[in-house]
4 protein chains.
Amino acid sequence: MLSFEIHSQDGQPIYLQIVNSVKKSISAGELVAGQKLPSVREIAREIKVNPNTVHKAINLLVEERLLTTKRGLGCFVRKRRPSSITERLQALEPLIDHLIVEAAHHGLNDLELLKLIGSRQKRIYGLKR
Amino acid sequence: MLSFEIHSQDGQPIYLQIVNSVKKSISAGELVAGQKLPSVREIAREIKVNPNTVHKAINLLVEERLLTTKRGLGCFVRKRRPSSITERLQALEPLIDHLIVEAAHHGLNDLELLKLIGSRQKRIYGLKR
Amino acid sequence: MLSFEIHSQDGQPIYLQIVNSVKKSISAGELVAGQKLPSVREIAREIKVNPNTVHKAINLLVEERLLTTKRGLGCFVRKRRPSSITERLQALEPLIDHLIVEAAHHGLNDLELLKLIGSRQKRIYGLKR
Amino acid sequence: MLSFEIHSQDGQPIYLQIVNSVKKSISAGELVAGQKLPSVREIAREIKVNPNTVHKAINLLVEERLLTTKRGLGCFVRKRRPSSITERLQALEPLIDHLIVEAAHHGLNDLELLKLIGSRQKRIYGLKR
DNA sequence: GTGGTCTAGACCACG
DNA sequence: GTGGTCTAGACCACC
């Protein structure tokens, strides 16, 4: 079952929270290739936001080639296109660097940060991996 | 010497890039307690942005108690106030979670992510630690 | 033999793809006046779309007077009614203008575009003309 | 001077007409790299559509890397990234094929189509080329 | 001032 | 029923 955690008071815009929520579900295996998502209106009703906001999120995911939409039918999860190593690094490095700086800035040393990340990994993916 | 890397086409607002740049310099030891920053106008000229933007960034850093301003003298780096564990976690968890999801989404498993972070830590702080 | 190439992920709606596919077959001489088309259900099965979609396409072709339907017998290709010069221009100019803009936008000059079109003409109609 | 020709009763959605209009202006040299576009609100006022509609068009152009937006400053034309030959063909062939079929279907032979295109090219770009 | 996000609600196109 | 387009209008973030 698909579930979205949306916090309307989060700084991060709602449509991005939806995007990340879907990404999370896909990488956690809750959504698999070919599977149909709930309709835009359904999602909007469930998380109590405007359908346009959901639509915007889905549009982004379509552009990122994670979903396809078929008019009159709905939205579907695409097969993952494996990303190249270069792409991965380009996408992740800014996040990592920012995190490292923030961590240092809060007084964590390198090892403590790694431990903290490890514990979050377990929390997110549980025993599945 | 202090240097700012500003990418006006980065999604991240310029004033936040300045904030992070200063934080990075502080945690890397390029800026130490008591040291004077260049003036707002100087910085603005150097990185070619509106002085208001620089001002906003510095204001934020003052509010975060990383800098103090002394009228007529300039802006100075404060001594670090160690943050509580709770504060650290609150600040870092969203970043970590987002990173984990993005990494999984690019096909990295947990260990690969940790390795990547480790290598960035070395790159940023070099042999200093 | 008649064949449809349908790409469900094409931006262009399926029913229009069917319409164009039939037009192409007619102007290429694969379908000639008086010839019977496969039934709606057959076509739908072959290209794996909803029969309603096929029906809509055929309706359009009937309205354009390219096909006629005979109750209980099926759908047949009509004799061509030559279109007036005005009609031709009205139909083609938007397509041409769009193509010219797109070509310029991809760095082709006028002559290169004409050459490219020439080569596609040969490719589509081969030596038949 | 920049001018948009928008026909609200055109089948083609307004936001795409705006997109094409901007592309046309760029490839015609009316808009050059670095130049600032009128603000979203200005354009909306001029062509009498909702600012959101203009915004959507500009968003698309940003994604296509033809424009960049700088918050608080406006939208600017980017330097053209020359497209590869493969990309050009991929982008143009569907348009060309469709045009050829439509032309044949209206009774134009290959040469007549080429002549018609030639005359439109002159009309669009005038004596500039 | 600029662009970006979000809402509410209408209407259309598609399958 | 589905998703797509467009409007009107509010509010926010940025420079």
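Lettering of chains follows the sequences in order, A, B, ..., and the numbering in each one begins at 1.
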What do the steps show when you test A:Lys23 against B:Glu102 for salt bridge (Lys or Arg N to Asp or Glu O under 4.0 Å), and what is the final call?
CA-CA 8 Å; A:Lys23 281 187 184 175; B:Glu102 278 298 317; 3.1 Å; yes

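As rounded to whole Å, 15 Å separates atom C1' of F:dC14 from atom CG of B:Asn59. Separating the CZ atom of A:Arg45 from the P atom of E:dA8 is a distance of 14 Å, rounded to the nearest angstrom. What separates CD of B:Gln17 from P of F:dC14 is a distance of 11 Å, to the nearest Å. Computed from coordinates, the A:Ile6 CD1 to E:dT5 C1' distance equals 14 Å when rounded to whole Å. For the pair D:Ile47 CD1 and F:dC6 P, the computed distance is 11 Å after rounding to whole Å. Rounded to whole Å, the distance from CD on D:Glu63 to C1' on E:dG4 is 14 Å. One can place CZ of D:Phe76 at 12 Å from P of E:dT2, the figure rounded to the nearest angstrom. One atom, CD of D:Gln12, and another, P of E:dA13, lie 14 Å apart when rounded to the nearest Å.
Side-chain nitrogen and oxygen atoms of A:His55 include at least one within less than 4.0 Å of the OP1 or OP2 phosphate oxygen of F:dG4. The phosphate of E:dG15 has neither OP1 nor OP2 within less than 4.0 Å of any side-chain N or O from C:Tyr15. Not one side-chain nitrogen or oxygen of A:Lys70 sits closer than 4.0 Å to the OP1 or OP2 atom of F:dT2. Contact annotation: D:Thr53 side-chain N/O to F:dT5 OP1/OP2 distance is not under 4.0 Å.
With contacts defined as side-chain heavy-atom distances shorter than 4.5 Å, the pair D:His98/C:Asn20 qualifies.
If you find the closest nucleotide of DNA chain E to D:Gly72 and to A:Lys56, the one lying nearer the 5' end belongs to D:Gly72. If you find the closest nucleotide of DNA chain F to D:Val49 and to D:Arg41, the one lying nearer the 5' end belongs to D:Val49. Where A:Lys36 and B:Asn50 each meet DNA chain F at their nearest nucleotide, the meeting point lying more 5' is that of A:Lys36. Positionally, the nearest nucleotide of DNA chain E for D:Thr69 lies more toward the 5' end than for the other of D:Thr69 and A:Leu73.
Nucleic acid contact class of A:Ile58 (heavy atoms, under 4.0 Å, all strands): none.
For NE2 of C:His55, the number of neighbouring non-hydrogen atoms (other residues, nucleotides, ligands) closer than 6.0 Å is 12 at most. Atom CD of A:Glu63 has more than 12 heavy atoms from other residues, nucleotides or ligands within 6.0 Å. For D:Glu5, the CD atom counts as loosely surrounded, since its 6.0 Å shell holds 12 or fewer non-hydrogen atoms of other residues, nucleotides or ligands.
Between the base of E:dG4 and the side chain of D:Asn52 there is no donor-acceptor pair shorter than 3.5 Å.
Proximity note for B:Ile14 (side chain, C-beta onward) versus E:dG9, E:dG3, F:dC15: the nearest is F:dC15.
Each of C:Leu66, C:Leu31, C:Leu61, C:Thr68 was evaluated against C:Val77; a single residue qualifies, C:Leu31, per the side-chain contact (heavy atoms from CB on, under 4.5 Å) test.
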Secondary structure of DNA chain F in dot-bracket form (Watson-Crick or G-U wobble, distances below 3.5 Å, | marking inter-strand pairs)
||||||||||||||.

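Taking each heavy atom of D:Val40 and D:Pro51 in turn, the nearest pair found is CG1-O, 3.5 Å.
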